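Structure, as structure tokens:
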There are 2 protein chains.
Amino acid sequence: MREVAVVGVGMTEFGELWSDSLRTIWAKAAVAALADAGIDQVDMITVGCMSPGLFTGQEHLASLLADELGMAGVPAARVESACASGGLALRMGFAEVAAGLSDTVLVTGVEKMTDVDGADATYALGTAADQEWEGFHGITFPGLYAMLARAHMQRFGTTVEQLAAVAVKNHANGLLNPHAQYHLKLTIDDVLNSTMVADPLHLFDCSPVTDGAAAVVLTTVENAKKLGGKRPVVKITGSGLATDTITLANREDLTELKAVRLAAERAYAMAGRTPKDLHVVEVHDCFTIAEIMATEALGLFDPGSGAAAAADGLTGLQGRIPVNTSGGLKSKGHPVGATGVAQAAEIVTQLRGEAGQRQAEGATVGLAQNMGGSGGSSTVHIMEVAK
Amino acid sequence: MREVAVVGVGMTEFGELWSDSLRTIWAKAAVAALADAGIDQVDMITVGCMSPGLFTGQEHLASLLADELGMAGVPAARVESACASGGLALRMGFAEVAAGLSDTVLVTGVEKMTDVDGADATYALGTAADQEWEGFHGITFPGLYAMLARAHMQRFGTTVEQLAAVAVKNHANGLLNPHAQYHLKLTIDDVLNSTMVADPLHLFDCSPVTDGAAAVVLTTVENAKKLGGKRPVVKITGSGLATDTITLANREDLTELKAVRLAAERAYAMAGRTPKDLHVVEVHDCFTIAEIMATEALGLFDPGSGAAAAADGLTGLQGRIPVNTSGGLKSKGHPVGATGVAQAAEIVTQLRGEAGQRQAEGATVGLAQNMGGSGGSSTVHIMEVAK
């Protein structure tokens with residue numbers, strides 16, 4: 001297997017991008033990543049996008065977007081795993097370069113979510129749950145994650161104040177990220193006084209609906225060393241992918257995100273790393289409870305201790321292990337197909353030491369965890385500065 | 001890069017499968033392929049499906065289907081490239097095994113198309129065209145392929161009788177395939193007297209709307225030799241992928257399927273093969289004109305001579321190069337995400353010498369070509385009996 005490096009990152013502003021369409025948003029991120037890499041040709045393009053069919057009435061993005069970039073002809077592929085589509089695009093690009101099928105791959109993620117009305121966006125997102133056993137009965141994602149939160153509170157004594165601490169921390173980080181959708185300074189009381197969406201989750205426990213795109217350029221480590229100039233070369237040393245039952249009803253344990261644990265175990269094994277080796281982590285905080293459960297499933301904290309860790313500041317920018325320095329899905333925004341790629345872009349930016357005010361000091365090993373549905377699928381990628 | 005083999009194939013009957021849902025159809029094909037391979041565990045699952053969101057209101061198939069098979073936990077990924085989604089699933093599985101990321105991959109394709117009403121199926125399929133530049137103006141796929149046919153007729157003198165000959169041949173082959181949707185013996189006159197759908201394409205020039213699933217199991221050639229028993233080991237020696245402009249309006253030449261040519265060139269180069277080496281071929285005959293243009297783009301016939309070749313019987317079961325021995329999309333049916341995998345299953349069946357009455361005598365090298373939209377994307381895979 002060939003060693004794979006990330007040589008370019010790019011993303012659009014995340015937010016309600018009314019003046020752009022899916023294809024123009026995507027092209028901006030793609031061009032930014034190619035410019036960052038200093039190249040203008042690739043052997044393949046992967047696109048993570050959850051549901052362009054339901055959000056915008058357009059499938060077949062591989063053809064649409066290669067063409068939009070002036071690269072019609074180039075092999076291209078769309079992948080989907082609900083909100084883990086971006087992480088899956090990274091995995092497919094990684095496999096292509098690792099196998100030797102492609103030398104350079106443009107890995108992208110995109111979602112244009114605001115061109116449908118509110119009810120339709122909720123319906124489109126709901127197709128990531130089991131439509132026969134969950135959606136049909138009227139539950140949507142805030143309700144599914146509220147059930148996970150209730151189970152975690154019941155078993156471990158997790159509190160709404162601890163959940164709120166995740167939102168406060170991520171919005172504090174998002175203030176330092178110019179690409180973030182929301183630049184808000186929040187307090188615990190702000191979160192607890194916000195509208196209740198699905199008890200115990202308040203509005204500020206939930207990530208928003210967002211338009212946006214992100215891109216990273218992969219190539220061999222050998223090529224990266226030629227391209228990189230004085231910047232550190234960032235390798236992808238571990239790639240893990242896993243599923244779990246799509247329905248919460250079939251889970252053995254509602255307090256564990258098993259797909260995240262399995263994907264992490266596979267990524268750690270490939271990289272020869274343990275959670276203790278990590279300096280900076282991006283996790284899939286679609287809801288505050290999701291961040292807490294993800295940090296536990298990744299082995300950053302013992303089961304049941306993730307909530308206290310967040311409240312105690314262990315995951316803050318100056319904490320033991322900074323989590324979601326980008327602001328996370330909470331503050332940066334969550335254009336679902338783009339999220340996994342944007343996470344990778346943040347980790348690369350951190351490992352290059354280019355994160356400015358939100359820099360995790362001295363970070364050389366990082367991890368990005370992306371998740372689909374209520375944990376029905378997950379990807380985990382470990383990245384490291386090449387020595 | 002590791003050598004990759006196909007060790008199991010399976011598919012459902014293709015047709016209007018009213019008593020089955022997407023997940024049950026899929027599981028039948030998956031179980032059939034695993035049984036054929038003689039294994040009950042895999043390292044990864046890939047799923048080609050064009051638009052489960054628009055056809056059935058369900059995305060996140062990776063999680064849904066791994067779970068349905070009792071394999072929750074196993075890495076799984078859905079890929080989409082419109083009607084080339086199945087070929088793309090094969091490519092992703094190939095890359096996983098070639099890279100050494102997975103030893104055994106269950107590659108699947110599925111589409112459940114009959115649970116929406118007619119107008120919605122046409123809308124869902126239409127999302128494979130450019131929605132802003134084609135769909136918005138009211139054109140659907142029969143119209144797009146009718147324009148390709150008109151251009152071919154204008155340049156090369158192709159006739160409606162030659163188009164009809166493709167339908168007659170493929171339905172003759174389909175009579176010999178128990179999985180085919182339609183078992184009809186057709187004449188040229190039957191085709192020409194059928195309803196005009198989009199001039200010059202009659203009803204019998206068009207592939208149908210179909211439910212169905214197909215699966216193949218990939219592993220290393222080394223593993224395949226242990227598993228295979230007395231059956232020939234079938235290797236995948238070439239995998240090519242390409243795009244073209246999604247809109248016909250942007251094409252330089254409407255008489256060439258450039259994505260097919262580029263994908264074929266890449267696959268031939270990887271396999272070290274030329275068109276002359278092939279003994280049996282499956283192509284993407286969503287419309288009769290598509291088969292003619294695909295056989296030209298693959299280099300089986302010179303540009304402009306594919307129509308006469310079909311009419312002269314060169315692509316028949318006893319012809320110089322049998323094309324669509326399975327009956328093709330025309331007769332076997334076209335559950336869009338399943339088609340590319342079903343094509344691979346047919347080629348493997350032929351190379352194993354297990355195709356019964358539709359066996360292409362002595363076939364040891366075959367090719368499967370799958371296509372998205374009006375040729376906006378294509379995959380080409382070359383398979384060979386291992387010596």
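Sequence lines set the chain letters: A, B, ... in the order given, protein chains first and strands last, and positions in each chain run from 1. A quick note: this is a predicted structure, and the numbers were derived from the prediction, not measured. Heavy atoms only: backbone and side chains are in, while hydrogens, waters and symmetry mates are out.
Proximity of A:V79 to B:R78: side-chain heavy atoms (C-beta onward) are nowhere separated by under 4.5 Å. The shortest side-chain heavy-atom distance between A:R91 and B:E96 falls under the 4.5 Å cut-off. With contacts defined as side-chain heavy-atom distances shorter than 4.5 Å, the pair B:E80/A:E80 does not qualify. Taking the side chain as every heavy atom from C-beta outward, B:H60 and A:T127 never approach each other to under 4.5 Å.
With a 4.5 Å cut-off on non-hydrogen atoms, B:R261 does not touch chain A at all. Heavy-atom distances place no part of A:S239 under 4.5 Å from chain B, backbone and side chain included. At a 4.5 Å heavy-atom cutoff, B:A259 makes no contact with chain A through either its backbone or its side chain. For B:T379, no part lies near chain A; criterion is any non-hydrogen pair under 4.5 Å. Heavy-atom distances place the backbone of B:L61, and not its side chain, under 4.5 Å from chain A. For B:R266, the part lying under 4.5 angstrom from a heavy atom of chain A is the side chain only. Contact annotation for A:S102: only side-chain heavy atoms (C-beta onward) come within less than 4.5 Å of a heavy atom of chain B.
The CE atom of B:M71 sits 10.0 Å away from the OG1 atom of A:T243 when rounded to the nearest 0.5 Å. How far CG of A:L241 is from CG of B:L101: 10.0 Å, rounded to the nearest 0.5 Å. One finds the CG atom of B:L64 at 5.0 Å from the CD1 atom of A:I246 (value rounded to the nearest 0.5 Å).
The contact list for residues 130-139 of chain A toward chain B, using heavy atoms and a distance under 4.5 Å, reads A:D130, A:Q131, A:E132, A:W133 by residue number.
Chain B forms more heavy-atom pairs under 4.5 Å with one residue of A:M50, A:R2, A:K258 than with any other, namely A:M50. When A:A128, A:A62, A:A77 are compared by the number of non-hydrogen pairs under 4.5 Å with chain B, A:A128 comes out ahead.
Contact detail for A:L54 and B:E59: the closest heavy-atom pair is CD1-OE2, 4.0 Å.
The main-chain N or O of B:G73 is never found under 3.5 Å from a side-chain atom of A:D244 such that the two would form a donor-acceptor pair.
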Could you list the donor-acceptor pairs under 3.5 angstrom formed by side chains in residues 81-88 of chain B, with sequence neighbours left out?
unit_1 : atom_1 : unit_2 : atom_2 : d
B:S81  : OG     : B:S377 : OG     : 2.8
B:S85  : OG     : B:S81  : N      : 2.9
B:S85  : OG     : B:A82  : O      : 2.5

